[in-house]
Amino acid sequence: MADFIQTEEFRLAGEEGEQRVFEAVKAAFAGRDTLGWWRYPLISEKSVREPDILLLDAELGVVIIEVKSLQLAQISGVSGYEWNMAPNAYFGRAQINPYQQAKAQLQVIMNTLRGRVGLDRVPGRVVVATPMITRDEWDDASFNALLGATPMLFGDQLTPGKLMRALERTQLVAQGQALDEGQWGALTRAFGTSGNIPKPKNIAPVVVPPIPQTRAELVAAVRVAERPLDLQQERIAKTVPPGPQRIRGLAGSGKTVLLAQKAATMHLKHPDWDIALVFFSRSLYEQITTQVDHWLRLQSDGETRLSDAQHKLRILHAWGTQGQPGFYRVLAEHIGAPPLAVKDAPYGYQASKNLIYCAHRLLQVAEEQQASLEFFDAVLIDEGQDLVNEEPAILYEQRQAFYWLAHRSLRPVPQEVSLFEELDLKKPLLRRLIWAYDEAQSLDSMMIPNTRTVFGDSWADVFGAGATYRGGIGKSEVMRVSYRTPGPILVAAHALGMGLLREGGMLSGPTQQKDWDRLGYEVTAGDFRGKEPVTIHRPARNSPHPLPALTSEPLVTFDNYNTRADEIRALTANIARDVGEGLQLSRNILVVTVGAGASANSMMLKVGEGLKAAGIDFYIPSADGKNMPAGKNPNRFWLDGAVTITTIHRAKGNEADVVYVVGLDEVARAEGDIQVRNQLFTAMSRSWGWLHLSGSQMAGRPFEREVRQVLASHPTLTFRPSPPRRRTDDDE
């Protein structure tokens, strides 16, 4: 089955020929095992620009089509691969060599395939397409006394049959054979997100035996498992929308990875743009900078690094401090307004609400001073669920203040039209604001940052008409596949987070079948319109994590203890067992305390004392070192040689192979609080592999019964639908 991705709109007059060839290619390869891109982001500053058309085909291998939308009169002569241009015919250049240009692109691509299993003999070819010139015109040209050496695809060869014959006759630049099924899968993964995700840092490699048994061996087996190409991820990561885009994704669906790759793609395609990648949790700083640097290097053949790009591509905490620029602070300084600090905001320890207050005030200052906030060409926001709030006083003209600040910080996207269009002065000016969120991970607000919530009644003016942009780039993407979190853990996290099996009825969640589908579930029995029980099932295709197939050990467990001291002693014993099975304290193991702020912090210190007494070093995020209370390093989450203990607010965005969630009795005390349930969901979904839940003095309590019932239900849950306090249906 052929699939094609257009990474940007066809906008310029010079791209009409490329559009014509791309449409012809799609028609010719329909029904084949083919994956194609217009403008695949492979961009080297020194030598290679992105290929006009890149095709991967199970039979032909790698094909690059370089398109030259030239009229015959613009070419004065051809000698070998060199084309001599008529005066002022092609951007002032006297000569061009389109074949060598495409050949250099192919060489970079072939270099990336070296060392990948099964891809050492992939065939590769290049051809130059001239959609404005026919074959007879070329043959009859006055300059064609000597036969040119360039493989050509002419404007009258763009029917499916002629196009395929022209490609099949094109000589191979890289020798190879047609690919078998395994090689074809490996080739597509090599060009996709799934095959290029950076490996976790500072985790020692483990040899995977034929039958992995220890936890370290199982983790290593998961690391090397091949993940299939996800076309939705490719559309999100490698496309540049000409306006706003909303990305709603499950925990573990890869939102942060895709936004980092998207930011890198934008910079490489448009190095003159000012781009901001914004996030809320400061403990995410290391992860995001690592991701952006990785994708910049990968897509530039190693030539561009984040240190080279950071003058135009900025990674910004949403607020910022005097010592570290943040999105709000950059904009305040841009218009000459003194940036507000935490002490200037009225909402105490509610960081998100304080930030939105500051955004609201900055919008007012900009309006009072008639100052333009325009600073960026694209703004990408991660953790978007943490940047909305219900408080009417901090809405800005019925819009969410932080999002409207981000929108106003953007320069409008220029309206560039083809030769056959007229400029539409009534068309709303679009701005590239891209935000990703998972409403289940909202810790401080019950609002959902969908289009209407964020922009109020002006949402239609912000997005324009239609569900997609020209070329098929979606204005809204919903990601239902979770790669990070194993299926049993995700089902349990959703069930407990929403209260699906709660004795008092569900607290939050979808109320329509289509919205359960958007979360990756199938409704196998029941009807949400009635009062009969509903059964939902999570199929393996939407939770393709390999660990459940590698071990019979339950991935989610729960224990209740008589005292907190007993709970902590059991925790230390479990961590010692993990270390005995080859796991490292840092990054392999994570301990999360849940509950109200003061109790969660107190519990964190008690856990630390218990670990230290057992001879296990711990690290509290932001501390100056091991076995110390929180300090002044807000960007640090891990420390080598120590297990991280954290509350959920700092854990969000980070993950580990084994996650221990302690203090579930605190959840039991407030089991009807949706925000507490969201905390629990977020804590549970931090796990890459195993999850252990624990609490004390919970025996016989309704929440203890609920937990045990949920863990016995995977992968199918049956519950009686009831109107939830928080409805998460996506009605956009």
Side-chain angles (χ1 to χ4, degrees), residues 5 7-8 41 192-194 196-198 230-270 273-299 306 309-310 312-318 326-327 376-388 402-403 406-407 409-410 431-439 441-442 449-451 454 473-484 652-655:
I5 297 173
T7 64
E8 294 191 78
T193 299
S194 59
N196 292 290
I197 293 176
D230 186 324
L231 282 169
Q232 185 184 35
Q233 285 194 340
E234 297 310 293
R235 286 199 305 270
I236 294 172
K238 293 186 173 68
T239 56
V240 180
Q245 186 179 53
R246 181 199 71 144
I247 302 168
R248 180 192 183 200
L250 286 176
S253 57
K255 298 182 293 296
T256 298
V257 172
L258 298 184
L259 284 183
Q261 187 180 171
K262 198 177 193 76
T265 296
M266 285 183 172
H267 173 74
L268 293 172
K269 283 175 169 284
H270 303 282
W273 284 6
D274 291 294
I275 301 169
L277 176 52
V278 182
F279 59 98
F280 181 70
S281 301
R282 293 190 65 172
S283 57
L284 269 177
Y285 191 81
E286 177 186 354
Q287 181 186 150
I288 291 180
T289 53
T290 299
Q291 285 282 346
V292 174
D293 184 66
H294 167 79
W295 296 111
L296 285 170
R297 294 176 189 237
L298 183 72
Q299 294 174 190
L306 182 56
Q310 58 189 1
K312 301 297 282 186
L313 171 53
R314 303 187 185 203
I315 298 173
L316 298 171
H317 178 253
F327 183 74
F376 296 103
D377 297 284
V379 172
L380 301 91
I381 298 174
D382 196 11
E383 305 182 296
Q385 71 277 355
D386 294 321
L387 296 167
V388 292
F402 187 88
Y403 281 89
H407 187 264
S409 76
L410 286 160
R431 303 170 197 259
R432 288 188 181 89
L433 175 61
I434 300 159
W435 74 97
Y437 71 92
D438 175 7
E439 69 274 359
Q441 296 188 60
S442 175
N450 58 32
T451 306
V454 168
I473 300 175
K475 296 181 180 181
S476 176
E477 295 280 357
V478 180
M479 303 169 65
R480 56 176 54 83
V481 180
S482 176
Y483 293 99
R484 179 189 69 219
K652 193 162 58 65
N654 291 280
E655 304 89 22

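Ring geometry for Phe327 versus Phe376: interplanar angle under 30°, hence parallel rather than tilted (30 to 60°). The aromatic rings of His317 and Phe279 stand perpendicular to each other, their planes meeting at an angle above 60°, with 30° marking the opposite boundary.
Contacts of Gln385 classified as side-chain hydrogen bond (donor to acceptor under 3.5 Å, both in side chains), with partners at least two apart in sequence or in another chain: none. Remark: Lys269 engages Glu8, Glu50 in a salt bridge (charged side-chain N to carboxylate O under 4.0 Å, His left out) (not counting sequence neighbours). When the salt bridge (charged side-chain N to carboxylate O under 4.0 Å, His left out) test is applied to Arg248, the partners found at least two apart in sequence or on another chain are Glu439, Asp730.
Side-chain atoms of Ser194 and Gln233 include no donor-acceptor pair closer than 3.5 Å. Side-chain N/O atoms of Asp382 and Thr256 include a donor and acceptor closer than 3.5 Å. Between the side chains of Glu477 and Gln232, at least one donor-acceptor pair of N or O atoms lies under 3.5 Å.
Checked by atom type and distance alone, the side chain of Lys255 never pairs as donor or acceptor with a backbone atom of Tyr437 at under 3.5 Å. Under a 3.5 Å cut-off, the side chain of Asp438 and the backbone N or O of Leu250 do not form any donor-acceptor pair. Looking only at distances, a side-chain donor or acceptor of Lys262 sits under 3.5 Å from a matching main-chain atom of Thr239. Judged purely by atom type and a 3.5 angstrom limit, Arg432 has no side-chain atom pairing as donor or acceptor with the backbone of Leu410. Using modelled atom types, no side-chain atom of Glu655 and backbone atom of Arg484 make a donor-acceptor pair closer than 3.5 Å. Proximity of a side-chain donor or acceptor of Gln261 to a complementary backbone N or O of Ala237 within less than 3.5 Å is not detected. Using a distance-only test at 3.5 Å, with no hydrogens or angles considered, no donor-acceptor pair links the side chain of Trp435 to the main chain of Tyr403. In this structure a side-chain-to-backbone donor-acceptor pair under 3.5 Å is missing from His267 to Leu306.
Contact record, Gln245 with Gly474: NE2-O, 2.9 Å, taken as the closest heavy-atom pair. When all heavy atoms of Pro41 and Gln299 are compared, the closest pair comes out as O-CB, 3.4 Å. Residues Val278 and Ala318 come closest through the heavy atom pair CG1-CA, 3.7 Å. Heavy-atom minimum distance, Asp386 versus Gln441: OD1-O, 4.0 Å. What you find for Met266 and Pro241 is that their closest heavy atoms are CE-CD, 4.2 Å. Of all the heavy atoms in Ser409 and Val379, the pair that sits closest is OG-CG2, 3.8 Å.
Between the CD1 atom in Ile315 and the CG atom in Leu380 there is a gap of 11.0 Å [rounded to 0.5 Å]. We find the CG-OG1 distance between Leu277 and Thr289 to be 10.0 Å, quoted to the nearest 0.5 Å. To the nearest 0.5 Å, atom CG of residue Leu433 and atom CD1 of residue Ile381 are 5.0 Å apart. The CG atom of Leu313 lies 5.5 Å from the CD1 atom of Ile275; values are rounded to the nearest 0.5 Å. Going from atom OG1 of Thr7 over to atom CD1 of Ile473 covers 7.0 Å, rounded to the nearest 0.5 Å. Here CD1 of Ile5 is found 7.0 Å from CZ of Arg235. Values are rounded to the nearest 0.5 Å.
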Test log, rule side chain to side chain contact (heavy atoms under 4.5 Å, CB included), inputs Leu387 and Glu383 | CA-CA 8 Å; Leu387 296 167; Glu383 305 182 296; over 6 Å; no
- Given side chain to side chain contact (heavy atoms under 4.5 Å, CB included), test Trp295 with Thr265 step by step and report yes or no. CA-CA 8 Å; Trp295 296 111; Thr265 296; over 6 Å; no
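Glu234 is listed as a side-chain neighbour of Thr193, based on a closest heavy-atom distance under 4.5 Å. Counting heavy atoms from C-beta outward, His407 and Val454 have side chains that stay 4.5 Å or more apart. Annotation: side chain of Leu258 is not in contact with side chain of Ile247 (no heavy-atom distance under 4.5 Å).
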